[in-house]
Amino acid sequence: MSKTLYPRMEVLQSLYELTADITPNRFITTRPNAVGEQMDEFLLIRLPQRITEPGDTYQLTTGQITVFARDVQGGLENSLALEQLQNSVCSLFPIRSALFLATRPILLPGGSDGAGFHSLIIQFNIRIHKDFDI
């Protein structure tokens, strides 16, 4: 019987690299505290669900890329910036790599983070190939 491996960080790192052309401000799993240089937008890349192993050749999970845009004056959502970020992320799908297949992005509401940003959540299915070569 083979040892079960969950390549969580490899999937996250791959998504991080794939989104490099969208913005240099990308973070895996958690966002930093508001220190240093101010950003107008950023992405948060996560695997917020469990990874299951329903078959001998694959694993399943859900991915999320949350797009954040700095609020406009008065704390209002910067809808134009959010839509541009959303469209840029969604244009990546389907994502095919030697490690995984990411499909079916859906848009979920994000809202205000209370720190001067609004967000939108792009959630998608991930099928991890168990015969990957890390």
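Of the possible donor and acceptor atoms, none in the side chain of Arg127 sits under 3.5 Å from a partner among the backbone N and O of Gln59. Of the possible donor and acceptor atoms, none in the side chain of Thr19 sits under 3.5 Å from a partner among the backbone N and O of Ile22. A donor-acceptor contact shorter than 3.5 Å is absent between the side chain of Thr52 and the backbone of Pro54.
Note that Arg104 lies outside the cation-pi zone of Phe124, set by a 6.0 Å cut-off to the ring centre and a 45° limit from the axis. Seen from the ring of Phe42, Arg26 does not count as a face-on cation partner, given the 6.0 Å and 45° thresholds.
Put simply, the side chain of Leu120 does not reach to within 4.5 Å of the side chain of Thr66, judged on heavy atoms. Residues Leu43 and Phe27 are not in side-chain contact: their nearest non-hydrogen atoms beyond the backbone lie 4.5 Å or more apart. Side-chain contact between Ser14 and Phe100 is present, with at least one heavy-atom pair separated by less than 4.5 Å. The closest side-chain heavy-atom distance from Leu12 to Leu47 is below 4.5 Å. Using a 4.5 Å heavy-atom threshold, the side chains of Leu107 and Ile121 count as separate. Between Ser91 and Asn87, every side-chain heavy-atom pair lies at or beyond the 4.5 Å cut-off. Using a 4.5 Å cut-off on side-chain heavy atoms (C-beta onward), Leu60 and Asn125 make no contact. Taking the side chain as every heavy atom from C-beta outward, Arg50 and Thr61 never approach each other to under 4.5 Å.
Annotation for Leu44 and Arg31: closest pair CD1-N, 3.8 Å, computed over non-hydrogen atoms. Contact record, Leu85 with Ala69: CD1-CB, 4.4 Å, taken as the closest heavy-atom pair. The shortest non-hydrogen separation linking Asn25 to Glu41 is ND2-O, 3.1 Å. For the residue pair Pro105 and Ile122, the shortest heavy atom distance occurs at CB-CG2, 3.9 Å.
Between the CD atom in Glu83 and the SG atom in Cys90 there is a gap of 10.5 Å [rounded to 0.5 Å]. Gln13 contributes atom CD, which lies 11.5 Å from atom CG of Leu99 (distance to the nearest 0.5 angstrom). In this structure, CD in Gln73 is found 12.5 Å from CG in Asn78, a value given to the nearest 0.5 Å. Once rounded to the nearest 0.5 Å, the distance linking CD1 of Ile126 with OG1 of Thr103 reads 9.0 Å. Rounding to the nearest 0.5 Å places NZ of Lys130 at 7.5 Å from OG1 of Thr57. In this structure, CD1 on Ile51 lies 11.0 Å from CD on Gln49, to the nearest 0.5 angstrom.
A donor-acceptor pair shorter than 3.5 Å can be found between the side chains of Asp71 and His118.
The hydrophobic side chain of Leu101 is isolated, with no ILVMFWY side chain under 4.5 Å apart from it.
In terms of hydrophobic clustering, with Ile, Leu, Val, Met, Phe, Trp and Tyr side chains grouped at heavy-atom distances under 4.5 Å, Ile128 and Tyr58 are assigned to different clusters. Residues Val67 and Leu108 fall into different hydrophobic clusters, defined by Ile, Leu, Val, Met, Phe, Trp and Tyr side chains chained together at heavy-atom separations under 4.5 Å. Both Ile45 and Phe93 belong to a single network of hydrophobic side chains, linked directly or stepwise wherever heavy atoms of I, L, V, M, F, W or Y lie under 4.5 Å apart.
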